[in-house]
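Computed over heavy atoms, backbone and side chain alike; hydrogens, waters and symmetry mates excluded. What you are looking at is a predicted structure, and each value in this text was computed from that prediction instead of being measured. By convention in this document, chain letters (A, B, ...) are assigned in the order of the sequence lines, proteins followed by strands, and residues within each chain are numbered from 1.
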Amino acid sequence: MSRTLVVVGNGMVSHRLVEAVRAEDVDGAWRVVVLAEESRPAYDRVGLSSYVGNWDASALELAGSSYDGDELVELRLGDPVARIDREAKVVTTEAGFEQAYDALVLATGSYPFVPPVPGRDLPGCFVYRTIEDLDAIRAAADHARSNRGRAAGAVIGGGLLGLEAAKALRDMGMSPHVIEMAPRLMPIQVDEGGGALLKRLVEDLDVTVHTGTSTSEIVEDRERLLAKLGNGTELDLDLIVFSAGIRPRDQLARDAGLDVGERGGVVVDDGCRTSDPAIYAVGEVAAVEGTCYGLVAPGYTMAEIVAAQLAAGNTAAAFPGADLSTKLKLLGVDVASFGDAHATTEGSLEVVVNDAVAGTYKKLVVSDDSTTLLGGILVGDASEYNTLRPMVGSELPGDPASIIAPAGGDGGGIGVDALPDEAQICSCNNVTKGQIKGAITEQGCDTVPKLKACTNAGTGCGSCVTMLPKLLTSCGVEVSKSLCEHFTQSRAELFEIIAATGITTFSELIAKHGSGSGCAICKPAVASILASIAPVIGADGHILSDDQAGLQDTNDRFLANMQRNGTYSVVPRVPGGEITPDKLIVLGEVAKEFGLYTKITGGQRIDLFGATVDQLPHIWKRLVDAGFESGHAYGKALRTVKSCVGSTWCRYGVQDSVGMAVALELRYRGLRSPHKLKSAVSGCARECAEARSKDFGIIATDKGWNLYVCGNGGMTPRHADLLASDVDDVTLIRLIDRFLMFYIRTADRLQRTASWLEELEGGLDHLRDVIVDDKLGICDELEAAMAAHVANYADEWKGVLDDPDKLARFTSFVNAPGTPDPTISFREEREQQVPVPLGIPAIAGAEGSS
Amino acid sequence: MTMTDARIWTAVCELARIPVAAGVAALLPGGEQVAVFRTTGDEVYAIGNIDPIGGAAVLSRGIVGDAGGQPVVASPLYKERFDLRTGECLDGDASVPTYPVRVTDGVVHVGSV
Ligand code: SRM
Ligand SMILES: Cc1cc2nc3c(=O)[nH]c(=O)nc-3n(C[C@H](O)[C@H](O)[C@H](O)COP(=O)(O)OP(=O)(O)OC[C@H]3O[C@@H](n4cnc5c(N)ncnc54)[C@H](O)[C@@H]3O)c2cc1C
Ligand code: SF4
Ligand code: FES
């Protein structure tokens, strides 16, 4: 007979508990019923702020949280538990649903504390805890913007979550205020010195900080809010977010007569049992031996302890205490605090290095004989956190001051070797250095992914991932930079080999420097290098030349982008997005003639979809005759240089952004690179071309151009960094030539400029040394390589149309040229043809022409 | 009658038409599509042209190479590799049919029933 486990709440900890019970309960002894207040399954609350911007709640889903297909788990959403009847062992929900239990777990988390400020209930006042809270804040911001063009917001509370909320407001386009009662920001984690620097760094980011004062009153003022601060300041606002701490949601337990702590929280012993042996509490609501933990990792530990007792019969499982160390990037500022950060240990000493110029504050707390590390605080640069935190409690390898001294050798003063085996590397999943070493030496984990799979380290917040390659190296495992199983070299190394030896074919390269016959990773990578280098070494530049055609990714092989049904899209180049009416008409005519679906792309040009392999040359013949050329939408190459209308038309424009965009697009068209390259030119600081989201972006100034590099839209957006300001046309182009060639030579395969810069040793400063100041003395070479590219450019599509051998490859069937592929069919949607996926019958009468 | 006798051999193209380490698509009499590949070592293989994972007739346009020495093609849609000898997918739970191939007088023939 199975027993019933009822879990109240479906937050992160509840989810971990259910997963752990289901994993350990091999005989299916427990049926699990989860009763939840929120209307969606458990989600990643820790990552809540990432919801801002993409507003995609599905990205916060936790794996397996719907328990689909597991008959032993029942999840009831949107109906909170109202009562526990301990005598009858039954809980009742607000809607009146009754559920009997054999064991009950309270996982109700916390609620945001809202201080009793008059006016705190006014519309426009919010808290920051759930997806719904963020939706409401967003709606208020949008509403304010639509009324007044801009919204103003403040966060009450300058702790960790308050600063996170401030960032969210900033990401919504506001310049937020933060009001903190304590004399400094993040009072729990940092000390006075660290707080002072943190305030300065945060204020540089357009956040106004009011410390040492509280909010005395909030009043309504012409549909807006007026916040009156204790120090006399008054702020005109559209919205206010309260983030003044959290309180455990222990009301259910109180009503049921369970013991609660002095400062709230359901009192539990180290096995997470409440004063009623049938009831447990885990996560933020639990006060383990008097302490509530506001972090997810201790909650996970509690969940596992309860699961071990219930499902694995391990009654000895006990909460070992928790590490409250934190490291985070708030508004782009590194902050870390670990161990006894405030030096409360008797006789402890503090060693502080406060570097106002570099904007870093570092403090170590050590034992009275200054040998043992007790804790520390890092602000501005927390790169040493990963090695320092696990050292807490053990002997330091050297003089504490030298460890945090500025420019102390190669960054971080101590290496992983100095850590003891018991040092905890991954605090999310409680994995020690010893366990990771064991996985490397005994279980043969020789890559980071294998280590993650084997030990779970690095699978939580991810902050410890950088430690894993270091541990691999320290165990003597060479962390492979090899491109694939056929080449032990990295892409950059292969580039150097090809440049130095002048090898021009893949077969020669793999015979001399690799093994086997190649694969879908190394072939396109080498093809890209050969194409980048061809003009310099005088090789056949056409990517479909005999010995290169087979290396190219499908898109390159047919000079078009393959679509889901095996047809292709056609994207002619429209430099700078500028196009004549005549050319527009040609595009329309071609689309009509071949029955192609037409769409304006995000890259300021026009995409024609649904061409079959054999149609491609006929379509391109028409386009080339009309003066179009390949847009390289298929290639790891320059895509588009977008432009805004600029000074020619726009009343704000200060330079001819269209002219510059056209010039740049024509200069770099056809340039093959490790990943695609995108650019944009804006005519003034209003930035209508979104240049700062590009690999290289240019923004006009009164005096010339500002050049920004290494931006990215896409999956991980990154704002481009300013490389040079107010430069003239000639300097601008020279710098871009150098930048692009340097990237092409040194980046990994499929690494865009943004991630390339992030991994480049020395970062932007180093890049500036190389590109602007020519400290490596390679700029002449880089410029010459670009000059060769520009001189040798030829349109790839024209090259195909002029060559019968290349043309012959564009057939659907070698033995039946001209026969349409029977698996391709179309239906009509919004007056255009769209593909019918294989296996779904076409609607009779709606089939396309091919 | 033996199996071999019942087989229909379709002439696909001259071997030279298939670039080294690449593939072409061909139509069989029954309307099936095959992808015919020539490896670096000049072996010829034929497998079904439809990628069962992506659901489109595109395998002939994939990159040909090897995985630990076994000849494979990577689907151009989502890059899963298929063993050219067995049709088994190395990266997922799927497979494609395989067809016998013979080269006579420089012409590639694919056998089907
Ligand atoms: C057609 C277009 C969407 C549209 O209808 O507007 C498009 C379509 C595709 N994009 Fe895109 N992207 C298009 C603009 C963009 C933009 C906007 C822009 O360029 O200003 C972005 C964000 C900017 C950026 O790249 O930083 C964008 C970010 C991506 C990404 C993510 C890149 C990243 O670094 O995270 C991918 C995936 C990848 O490249 O790995 C991608 C990949 C693709 C692919 C190649 C996916 C695929 O393999 O099939 C799509 C095929 C295009 C085709 O078949 O023609 N597309 N894609 C746009 C073509 C622009 C053009 O004229 O060339
Ligand atoms: C913006 C933000 C950022 C954070 N960042 C971090 C971080 O970087 N690192 C970190 O460690 N922690 C962070 N936290 C804290 C972390 O999210 C929590 O520690 C963790 O979610 C606690 O999990 P829990 O399951 O105990 O509570 P919760 O996740 O709060 O789940 C409790 C659930 O119980 C439900 N509930 C309450 N009462 C009832 C009832 N009577 N009946 C039914 N259901 C009920 C609630 O609706 C809620 O869904 C952050 C929190 C926030 C809000
Ligand atoms: S960026 Fe400036 S010049 Fe260009 S369109 Fe916008 S406002 Fe006008
Ligand atoms: S510390 Fe968070 S994943 Fe390891």
Side-chain angles (χ1 to χ4, degrees), chain A residues 484-486 506-507 510-511 515-524 527 544-558 560-568 612-614 805-806 808-824 835-840, chain B residues 10-14 16-29 31-41 43 49-81 90-91 107-110:
Chain A
C484 64
E485 64 173 273
H486 305 104
F506 179 82
S507 41
I510 197 163
S515 65
S517 55
C519 65
I521 294 171
C522 58
K523 286 184 168 185
L544 297 188
S545 63
D546 276 343
D547 44 50
Q548 283 190 41
L551 308 177
Q552 308 293 351
D553 247 326
T554 302
N555 287 352
D556 280 305
R557 185 130 154 246
F558 292 93
N561 297 55
M562 180 181 276
Q563 306 298 314
R564 57 190 315 143
N565 65 343
T567 63
Y568 289 90
T612 57
V613 179
D614 28 336
D805 284 346
K806 292 190 178 95
R809 299 205 192 108
F810 290 81
T811 39
S812 38
F813 301 109
V814 262
N815 62 342
T819 310
D821 179 344
T823 65
I824 295 176
V836 178
L838 257 193
I840 299 177
Chain B
T10 307
V12 166
C13 63
E14 286 176 1
R17 254 314 278 286
I18 314 178
V20 175
V24 294
L27 216 45
L28 296 183
E32 286 158 81
Q33 299 188 29
V34 283
V36 187
F37 300 97
R38 176 177 173 190
T39 65
T40 327
E43 292 146 37
N49 193 31
I50 296 181
D51 167 358
I53 297 168
V58 295
L59 286 183
S60 62
R61 291 175 246 162
I63 291 185
V64 181
D66 77 275
Q70 52 181 330
V72 294
V73 62
S75 168
L77 282 171
Y78 305 113
K79 306 283 183 268
E80 294 90 356
R81 294 163 299 169
L90 274 56
D91 306 302
V107 175
V108 179
H109 297 259
V110 173

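- A:I521 does not touch chain B: none of its heavy atoms, backbone or side chain, sits under 4.5 Å away.
- Considering only heavy-atom pairs separated by less than 4.5 Å from chain A, the leading option among B:G62, B:A74, B:A67 is B:A67.
- Neither the backbone nor the side chain of B:I18 comes within contact range of chain A, judged by heavy atoms closer than 4.5 Å.
- With a threshold of 4.5 angstrom between heavy atoms, A:S812 approaches chain B through N, CA, C or O but not through any side-chain atom.
- Both the backbone and the side chain of A:D553 come within less than 4.5 Å of a heavy atom of chain B.
- When every heavy atom of A:T554 is checked against every heavy atom of B:P76, the shortest pair comes out as OG1-CB, 2.6 Å.
- Here B:A57 is the residue among B:P19, B:A22, B:A57 with the most heavy-atom pairs under 4.5 Å with chain A.
- If you measure heavy-atom distances from B:A11 to chain A, the contacts under 4.5 Å come from the backbone alone.
- To the nearest 0.5 angstrom, B:L27 atom CG is 8.5 Å from A:D821 atom CG.
- Judged by distance alone, the side chain of B:D66 and the main-chain N or O of A:S517 form a donor-acceptor pair under 3.5 Å.
- Of the two parts of A:T819, only the side chain, counted from C-beta on, holds a non-hydrogen atom closer than 4.5 Å to a non-hydrogen atom of chain B.
- Under the side chain to side chain contact (heavy atoms under 4.5 Å, CB included) criterion, B:S60 pairs with B:A25, B:A35, B:N49, not counting sequence neighbours.
- Remark: A:E485 engages no residue in a side chain to side chain donor-acceptor pair (under 3.5 Å) (not counting sequence neighbours).
- Between B:I63 atom CD1 and A:C522 atom SG the span is 8.5 Å, to the nearest 0.5 Å.
- By the 6.0 Å contact criterion, CD on B:Q70 is enclosed, its count of non-hydrogen atoms from other residues, nucleotides or ligands being greater than 12.
- Counting heavy-atom pairs closer than 4.5 Å to chain B, the top residue among A:A520, A:A549, A:G550 is A:A520.
- A donor-acceptor contact shorter than 3.5 Å links the side chain of A:K523 to the backbone of B:V64.
- Closest approach of A:Q563 and B:L77 over heavy atoms only: O-CD2, 3.7 Å.
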### Task
Test side-chain contact (heavy atoms from CB on, under 4.5 Å) on A:T823 and B:I50 and set out the steps.
CA-CA 9 Å; A:T823 65; B:I50 296 181; 3.9 Å; yes

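- Using a 4.5 Å cut-off between heavy atoms, A:T811 touches chain B through its side chain atoms alone.
- The main-chain N or O of A:R557 is never found under 3.5 Å from a side-chain atom of B:R61 such that the two would form a donor-acceptor pair.
- Interface remark: of the candidates B:G23, B:C13, B:G54, B:G69, B:C13 forms the most heavy-atom pairs closer than 4.5 Å to chain A.
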